[in-house]
Amino acid sequence: MQSNDKTMEFMQIAMKYLPEAQQKLQEAGIELTMDNMQPFFTLFTNVMNEAYELGKADAVKE
């Protein structure tokens, strides 16, 4: 399982791309608010954790 440090790093990455995501969703007619954003942050964190573990496993193989 991931540490809180990793979760914070993942959230910092998400916040970096948040303005772009908000713009694209607005263009599609979807309003992104803090309330409806939480499930997406959870999903993003799960994706990032899996990608991190995959990269870590690949690094161990080499």
Side-chain angles (χ1 to χ4, degrees):
M1 195 69 188
Q2 71 200 25
S3 69
N4 283 339
D5 289 343
K6 279 288 169 239
T7 299
M8 288 305 298
E9 288 179 40
F10 296 161
M11 287 300 121
Q12 288 173 342
I13 293 169
M15 295 308 286
K16 177 180 169 182
Y17 290 97
L18 185 59
E20 182 181 352
Q22 283 177 312
Q23 180 182 352
K24 291 190 182 304
L25 287 168
Q26 262 183 342
E27 289 169 3
I30 302 167
E31 184 182 355
L32 188 62
T33 65
M34 290 307 283
D35 288 338
N36 65 15
M37 205 182 324
Q38 184 56 45
F40 294 100
F41 275 136
T42 301
L43 178 62
F44 169 78
T45 302
N46 292 341
V47 169
M48 288 297 293
N49 189 53
E50 190 168 329
Y52 173 80
E53 292 299 327
L54 183 62
K56 190 172 161 184
D58 283 349
V60 169
K61 287 180 193 173
E62 293 178 5

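Under the 4.5 Å side-chain heavy-atom criterion for ILVMFWY residues, no single connected hydrophobic cluster contains both L43 and M48. Linking ILVMFWY residues whenever their side-chain heavy atoms come closer than 4.5 Å, directly or via other members, places M15 and F10 in the same cluster. Residues Y52 and V47 are members of separate hydrophobic clusters, defined by side-chain heavy-atom contacts under 4.5 angstrom among Ile, Leu, Val, Met, Phe, Trp and Tyr. No continuous path of ILVMFWY side-chain contacts below 4.5 Å connects M8 to Y17, so the two sit in separate hydrophobic clusters.
We find the CE-CZ distance between M37 and F40 to be 10.0 Å, quoted to the nearest 0.5 Å. Put simply, NZ on K56 and CG on N49 are 9.0 Å apart, with the number rounded to the nearest 0.5 Å.
A51 meets the side-chain contact (heavy atoms from CB on, under 4.5 Å) test with no other residue; sequence neighbours excluded. Under the rule for a side-chain contact (heavy atoms from CB on, under 4.5 Å), the partners of Q22 that lie at least two apart in sequence or sit in another chain are L18, L32.
Nearest heavy-atom pair, I13 versus F44, reported as atom, atom and distance to 0.1 Å: CG2-CZ, 4.0 Å.
A salt bridge links K6 with E9: the closest approach of a Lys/Arg side-chain nitrogen to an acidic carboxylate oxygen falls below 4.0 angstrom.
Within 6.0 Å of CD in E50 there are 12 or fewer heavy atoms belonging to other residues, nucleotides or ligands. No more than 12 heavy atoms of other residues, nucleotides or ligands lie within 6.0 Å of CD in E31, so this atom counts as exposed by the packing criterion.
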